[in-house]
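Because the structure is a prediction, the values reported are computed rather than measured.
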Amino acid sequence: MTDTTLLEEPFLTIQRIIAQVAKTSPQAVVLENPVTGITNVDSIVMLEIVARVELELGIEIDEEQLFAISTVGDFVAVCRDLTAARA
């Protein structure tokens with residue numbers, strides 16, 4: 001498993017939201033997971049997850065960034081970069 005020390009805040013938020021929306025355990029959401037490979041997550045569910053993450057983190061993920069996300073780690077990296085840019 002990948003070390004999440006530098007990614008803790010966005011990772012924990014994303015992990016919690018994915019687990020809530022997908023109705024799965026947070027432990028099932030790891031950085032290496034393909035986002036749509038998580039049980040109960042398809043493209044429609046992913047849009048709900050993205051909307052919740054954007055609201056909670058106070059960011060906006062543009063279309064280009066969204067299409068570049070394939071793993072939970074990618075999602076965390078995009079969110080980390082956007083939260084750092086607004087600080």
Side-chain angles (χ1 to χ4, degrees):
M1 182 146 78
T2 304
D3 178 26
T4 60
T5 307
L6 295 174
L7 307 173
E8 257 184 34
E9 181 51 38
F11 173 70
L12 294 176
T13 299
I14 291 165
Q15 181 185 50
R16 178 179 44 77
I17 291 171
I18 290 173
Q20 287 172 346
V21 174
K23 296 175 178 59
T24 191
S25 75
Q27 294 77 19
V29 181
V30 296
L31 292 172
E32 296 82 10
N33 281 117
V35 178
T36 55
I38 300 168
T39 304
N40 302 323
V41 176
D42 60 17
S43 57
I44 301 300
V45 172
M46 187 60 190
L47 290 176
E48 181 179 347
I49 290 167
V50 168
R52 287 187 184 196
V53 168
E54 286 177 327
L55 184 63
E56 192 157 324
L57 295 179
I59 59 174
E60 187 174 324
I61 301 171
D62 69 32
E63 229 175 75
E64 185 176 312
Q65 292 167 313
L66 186 58
F67 289 126
I69 294 171
S70 61
T71 66
V72 173
D74 295 340
F75 194 13
V76 171
V78 166
C79 292
R80 182 195 62 225
D81 291 347
L82 290 171
T83 55
R86 78 165 188 206

*Would you give the length of the straight line joining atom CD1 of I69 to atom CD1 of I49, rounded to the nearest 0.5 angstrom?*
11.0 Å
*asked:* Tell me every residue that passes side chain to side chain donor-acceptor pair (under 3.5 Å) with Q20, counting only those two or more places apart in sequence or in another chain.
replied: none
*asked:* Using side-chain heavy atoms (C-beta onward) and a distance below 4.5 Å, is P10 in contact with V78?
replied: no
*Report the distance from atom CZ of F75 to atom CG of L31, rounding to the nearest 0.5 Å.*
12.5 Å
*Looking only at non-hydrogen atoms, find the nearest pair between V45 and D42 and report the distance.*
N-OD1, 2.9 Å
*Does any non-hydrogen side-chain atom of L47 lie less than 4.5 Å from one of L66?*
yes
*Just how far is it from atom CD1 of I17 to atom CG of L57, taken to the nearest 0.5 Å?*
6.5 Å
*With sequence neighbours excluded, tell me which residues meet side-chain contact (heavy atoms from CB on, under 4.5 Å) with E48.*
V21, R52
*So how far is it from M46 CE to T36 OG1, rounded to the nearest 0.5 Å?*
8.5 Å
*Qualifying residue, where the test is side chain to side chain contact (heavy atoms under 4.5 Å, CB included) with Q65 and the options are L82, D74, V50*: L82
*Mind checking side chain to side chain donor-acceptor pair (under 3.5 Å) for T83 and listing every partner two or more places apart, or none if nothing turns up?*
none
*Kindly give the heavy-atom pair with the smallest separation between A22 and N40, and that separation in Å.*
O-ND2, 2.8 Å
_Which heavy atom of A19 sits nearest to which heavy atom of V29, and what is that distance?_
N-CG2, 4.4 Å
_Could you tell me if the side chain of V41 sits less than 4.5 Å from the side chain of V35, heavy atoms only?_
yes
